[in-house]
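Take a look at the structure below.
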Amino acid sequence: MDAQAIIDSLSPLVPGAAFEAAPSVDFATVYVPAEQIVATCQALRDSLNFESLVEVTAADYLPRAPRYEVVYHLLSVSRRLRLRLKVRVAADGTVPTVQGVYPGAGWLEREVWDMFGIVFLNHNDLRRLLMPEDWEGHPQRKDYPVQIQKSAQTYAPLEVSEEQFRANIERDRVKRTH
Amino acid sequence: MSDIRTETMTVNMGPQHPSTHGVLRLVLELDGEVIQSVIPTIGYLHTGIEKTAEQKKWQQVIPLVERMDYLAAQSNSLAYALSVEKLLGLEMPQRVKDIRVLLAELQRIASHLIWIGTHGLEVGAVTMLFYAVRERELLLNINELIAGFRFFPSYIRIGGLREDLPRGFHAQVQEFLDRFPPKIDEFEGLLTKNDIYKRRTQGVGYVTKESAYAWGLVGPIARAGGSDYDVRKYFPYTGYETYDFKVPTATEGDVYARYTVRVAEMRESVKIAKQALDRISPTGLFACDDTRVVPPPKDKVYSEMEALIQHFLIYSQGFTVPAGDAYVPVEGPRGEHGCYIVSDGTNRPWRVKMRAPSFMAIQALPTVVQGGLIADVVSVIGSTDVVMGDCDR
């Protein structure tokens, strides 16, 4: 099933959406406007039997004008079909979350936010996932430097002064003798 | 009675807990022994491989992706190589396809052996580990024979294989394949009818087919819940459609069902590996004939100028891949392994993203264990077969 056939069956289900077929070497790829992604996924799951969302990721095409592309890989087991949805996102753009349709999107979108800084609207838990909680910047962006040295802040070493150290030993000794 | 305290207790499990398969941290909220909520924390093993891959040439990424899922190295590199070959439009010779199938199945057995060993260890069947690791050692010996490396062979390359099979390969693999099926009976003798094991695993950690699909758990976890989805059958790659094998399934969807599915998968893998071994001739083609990607044979490099130039170009500049993107999934030991690659037409990847089955499994863990007992958490994590290197990448 090629991209145009998917678009033909999708268009009546998602009124007003401007779908666009994209060239691909493996399976059908469709560009979806960001504001229609939830309705599109809903229609794909409920009417076109795409039961599973296997992957959400993104790519940063830095000098290009819509800077990011968020990529969704959908799978229909019953129809033996795969589908790739792409959403163009501007540098400061946002995408609605598809968590409500596919619960498995939760962490995948969280990872995309962690790595690219693309905000997913209405996401229930958009925190750092792979990077430490207090990390600055989004490492997978193309303008993020590759070889930087940065010590993680989360686990600052516990510093004990000499007086505290002695007092601890003293207290311990008292405990032991009793 | 008024002084009975009813608040819940928060328990931190991991990241150094022996049954969390590496560095997974779980924050459990307990009401007595019953789990109220689970918050998994991952990222302790994040090494930025995907970012590093963008700085490397296409062929230099193979050893990197093998280190993601470190128990199924060749499943990663196969997914990556197939994706790049898809963009390049390469078609492999039949012999290369068969060798790749053989290696992928041996890799699956090796991964399942570690799984059955550690899972048994965690639920109290300590002996399992020694039996399983003993067999895995033979598979690592085969890796050592073909590539010199035991864990990360980097033998599967873009455009084929690194070199031809070594002398003695067939005999060594045949010896393993003859020896192994009785050993599976031995494993089953230890666990399948073991009353303690059954009590720890039956009726625990249910995942239905529908919830597996919704959470993206396509693989052995979905198959234990009644799905028959297997990439090898549904979207065949490297010639799996020409092999005769069954996809083991179960319907219960609990930990024990996942155990039976994986054990049956090992038997099927032996079947596939035997067929593949029969088809592979001792010597022959080990790469496709595309001179852009595959370096010329060594004797030509020493005698022909063009071959020398080509050899030099591939190893210094690398090769370019047409612009575009591709995602070719393979059936890894843990489920659908896939590599999404984006090329901008240069000699380095623009984006490499591994689809990690362990990542999805840990995401779904809270819904699986909620309302169960704390002792079952160990058994459920074991049954999902997570590898933190795969999860954190």
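This structure is a prediction, so every number in the text was calculated from the model and none was measured. The figures that follow rest on heavy atoms only: side chains count, while hydrogens, waters and symmetry mates do not. Lettering of chains follows the sequences in order, A, B, ..., and the numbering in each one begins at 1.
For residues 113-122 of chain A, heavy-atom neighbours of chain B at less than 4.5 Å comprise A:M115, A:F116, sorted by residue number. Taking non-hydrogen atoms and a 4.5 Å limit, the residue list of residues 65-77 of chain A in contact with chain B, ordered by number, reads A:V71, A:H73, A:L75, A:V77. Within residues 21-45 of chain A, the residues that have a heavy atom under 4.5 Å from a heavy atom of chain B are A:V25, A:D26, A:F27, listed by number.
Judged by the 6.0 Å and 45° rule, A:R84 forms no cation-pi pair with B:Y327.
Only the backbone of A:P139 comes within less than 4.5 Å of a heavy atom of chain B; no side-chain atom from C-beta onward does. Heavy atoms of A:L129 lying under 4.5 Å from chain B belong to its backbone as well as its side chain.
The side-chain heavy atoms of B:M360 and A:L108, taken from C-beta on, include a pair separated by under 4.5 Å. With a 4.5 Å cut-off on side-chain heavy atoms, B:Y213 and A:S78 do not count as touching. The shortest side-chain heavy-atom distance between B:R351 and A:Q140 falls under the 4.5 Å cut-off.
Distance alone, capped at 3.5 Å, places no donor-acceptor pair between the A:E51 side chain and the B:E210 backbone.
Judged as a salt bridge (Lys or Arg N to Asp or Glu O under 4.0 Å), and not counting sequence neighbours, B:D392 has no contacts.
Taking CG of A:D60 as the start and CD of B:E54 as the end, the distance is 8.5 Å to the nearest 0.5 Å.
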